[in-house]
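Just so we're clear, the structure is a prediction, and the values are computed from it rather than from any experiment.
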Amino acid sequence: MAIYLDNSATSWPKPQSVIKAMIDYMENYGGSPGRSGHTFALKAARKVFETRELIARFFNVPSSDRVIFTANGTHAINLGLKGLLKKGDHVIISHMEHNSVFRPLKHMENSGLIDLSTTDVDQNGAIDPNDIKKAIKPNTRMVAMLHGSNVSGTVFPIKEIGAICKSHGILFMVDAAQTAGLIPIDVQRDNIDLLAFTGHKKLNGPPGIGGLCLKDELHLEGLVLGGSGSRSEMAEHPQFYPDRLEAGTLNTVGIIGLKAGMEYILAKGMDKMYQHQIQLTELLINGLNEVDQIKIIASEISKQMLPVVPLIIKDLPSSEAALQLDREFGIMTRAGLHCSPLAHKALGTFPQGTVRLSLGNFTTQKEIEITINALKKICQTQTQN
């Protein structure tokens, strides 16, 4: 029996409706949207348009033209940062950021382009919005932060942070890689100027598709220029949205899979799916708290958290623990730093990292019980050795 607890990396299994929608496109109308006027191309273009409209409704984006498809969340974040920031700008991030945010900004800082500040977090990875206020400078252009941590499961108060940014005339960019599809996000209510998301995690889509949602007032410079399917007679890339920021053939099959994944969420109910995962997360935390050799990082159970349980086993490297779970019990997790060294430094788990157990839509109570018993056996063996 295989137990998959690596849903923060990518969700699995995918709903059957997602798989069927992608196969249907590949088998029955696999044309390129916007590149031709024949039946297949028009049907594909319609599906792409419908997905933009669905995303706009899902996140309350004012215009679907401002829903930009990207290869993944990292691509979307780079597009937002590099498309907007100018020399001399100051940017504020938190100590929980994923490398998707931290690395491009650090590169821009090292190149002398921007000034970068990092706010502290507490022992659970939570941020105090007042620290953002304290970090604001006259040249602060943007606050760029995650919504939920892939390391600790901590959820940031983006509505409160967004209000601070709005009151100070600062752009607010949210990395929703871990929350989009699990926790409601409203770009207008939460005062979000740029929302970056990926399709292959909580939105149930396939790898290779993500997006960036923009407020109407923003104008970004594109990272890539080339074919767009529109204004082909021009030597310059089209300047209207979404074509301004989308160059090259779209990942149509990925977009169709993303659409089906989001429709699955709407049919099942996001809150119902969230409650299922959090109840199992609490069961897992409570079961593991009974084991003396196990230390759960950021283990505080809160009203809003992600289905993520990071742990350390005494005197056992995280990589070895994850290997034993996989090979001896068929339980798949992720060990290490999870592309978030800043977060691990803040939580005191750098450089060894943790074993991260991340639950998903299809995780069952039986699987959680098996996992608890497996970790207990590993700890017993470790004690005997």
- Query: So, do H338 and H344 have ring centers that fall under 6.0 Å from each other?
  - Reply: yes
- Message: Return the OG1 to NZ distance between T371 and K366, rounded to the nearest 0.5 Å.
- Response: 12.0 Å
- Query: Sub-3.5 Å donor-acceptor pair from the side chain of E109 to the main-chain atoms of I114, do we have one?
  - Reply: no
- Is the number of heavy atoms from other residues, nucleotides or ligands within 6.0 Å of CZ (R189) greater than 12? yes
- Item | Separation of L5 CG from I368 CD1 (nearest 0.5 Å) | 5.5 Å
- Message: Could you check whether any side-chain N or O of T154 sits under 3.5 Å from a backbone N or O of N124, counting only pairs where one atom can act as donor and the other as acceptor?
- Response: yes
- Query: With no hydrogens and no angle check, is any side-chain donor or acceptor of K87 less than 3.5 Å from a backbone partner on G112?
  - Reply: yes
- R356/D6 salt bridge by N-O under 4.0 Å criterion: yes
- Item | Y274/Q304 under side chain to side chain contact (heavy atoms under 4.5 Å, CB included): CA gap, chis, key distance, verdict | CA-CA 10 Å; Y274 176 77; Q304 194 171 64; 4.1 Å; yes
- Does any N or O in the side chain of S149 come within less than 3.5 Å of the main-chain N or O of S152, such that one atom is a donor and the other an acceptor? yes
- Item | Stepwise side chain to side chain donor-acceptor pair (under 3.5 Å) test for D315 and Q382 | CA-CA 8 Å; D315 297 327; Q382 184 71 9; 5.4 Å; no
- Query: Are K376 and E290 ion-paired here, with the side-chain N under 4.0 Å from a carboxylate O?
  - Reply: yes
- Going through the checks in order, is the side chain to side chain donor-acceptor pair (under 3.5 Å) test met by H200 and T10? CA-CA 6 Å; H200 70 104; T10 192; 2.8 Å; yes
- Item | Salt bridge present between K137 and D115 (N-O < 4.0 angstrom) | yes
- More than 12 heavy atoms of other residues, nucleotides or ligands under 6.0 Å from NZ of K295: is that the case? no
- Message: Taking L280's backbone N and O only, do any of them form a donor-acceptor pair with T363's side chain (distance below 3.5 Å, no angle check)?
- Response: no
- Query: Which residue, H219, R66, E246, forms the side-chain hydrogen bond (donor to acceptor under 3.5 Å, both in side chains) with Y241?
  - Reply: H219
- Query: How many angstroms lie between CG in L214 and CD1 in I68, if you round to the nearest 0.5 Å?
  - Reply: 5.5 Å
- Message: If we ignore hydrogens and angles and just use 3.5 Å, is the side chain of D326 paired with the main-chain N or O of T333 as donor and acceptor?
- Response: no
- Item | Closest contact, heavy atoms only, A321 versus V355 | CB-CG2, 3.8 Å
- Query: Considering all heavy atoms of both residues, which atom of I312 and which atom of T354 are nearest to each other, and what is their separation?
  - Reply: CG1-CG2, 4.0 Å
- Message: What verdict does the side chain to side chain contact (heavy atoms under 4.5 Å, CB included) test give for L342 and M96, after you've listed the backbone C-alpha separation in whole Å, the side-chain angles of each residue and the deciding distance to 0.1 Å?
- Response: CA-CA 6 Å; L342 275 184; M96 296 302 291; over 6 Å; no
- Item | Main-chain N/O of K272 paired to H276 side chain as donor or acceptor, under 3.5 Å | no
- Note on the structure: All heavy atoms of L42 vs all of G37, minimum pair found to be CD1-O, 3.3 Å
- Task: Spell out, as yes or no, whether a donor-acceptor pair under 3.5 Å connects the side chain of N191 to the backbone of V187.
- Result: no
- Message: Working note: Q178 + L146, criterion side chain to side chain contact (heavy atoms under 4.5 Å, CB included); need CA distance, chi angles, decisive distance, verdict.
- Response: CA-CA 8 Å; Q178 294 294 329; L146 51 74; over 6 Å; no
- Task: Please step through side chain to side chain donor-acceptor pair (under 3.5 Å) for the pair H95 and T119, ending with a clear verdict.
- Result: CA-CA 6 Å; H95 254 296; T119 61; over 6 Å; no
- Task: Report yes or no: does S111 contribute a side-chain atom to a donor-acceptor pair with the main-chain N or O of L113 at less than 3.5 Å?
- Result: no
- Query: Is the number of heavy atoms from other residues, nucleotides or ligands within 6.0 Å of NZ (K166) greater than 12?
  - Reply: no
- Task: Would you sort out whether N150 and V308 count as a side chain to side chain contact (heavy atoms under 4.5 Å, CB included), showing the intermediate values?
- Result: CA-CA 7 Å; N150 68 315; V308 173; over 6 Å; no
- Message: Whether E221 and R244 form a salt bridge (side-chain N of Lys/Arg under 4.0 Å from carboxylate O of Asp/Glu) is what I want to check.
- Response: yes
- When the ring centroid of F59 is compared with that of F197, is the distance short of 6.0 Å? yes
- Item | Donor-acceptor under 3.5 Å (K201 side chain, T198 main chain) | no
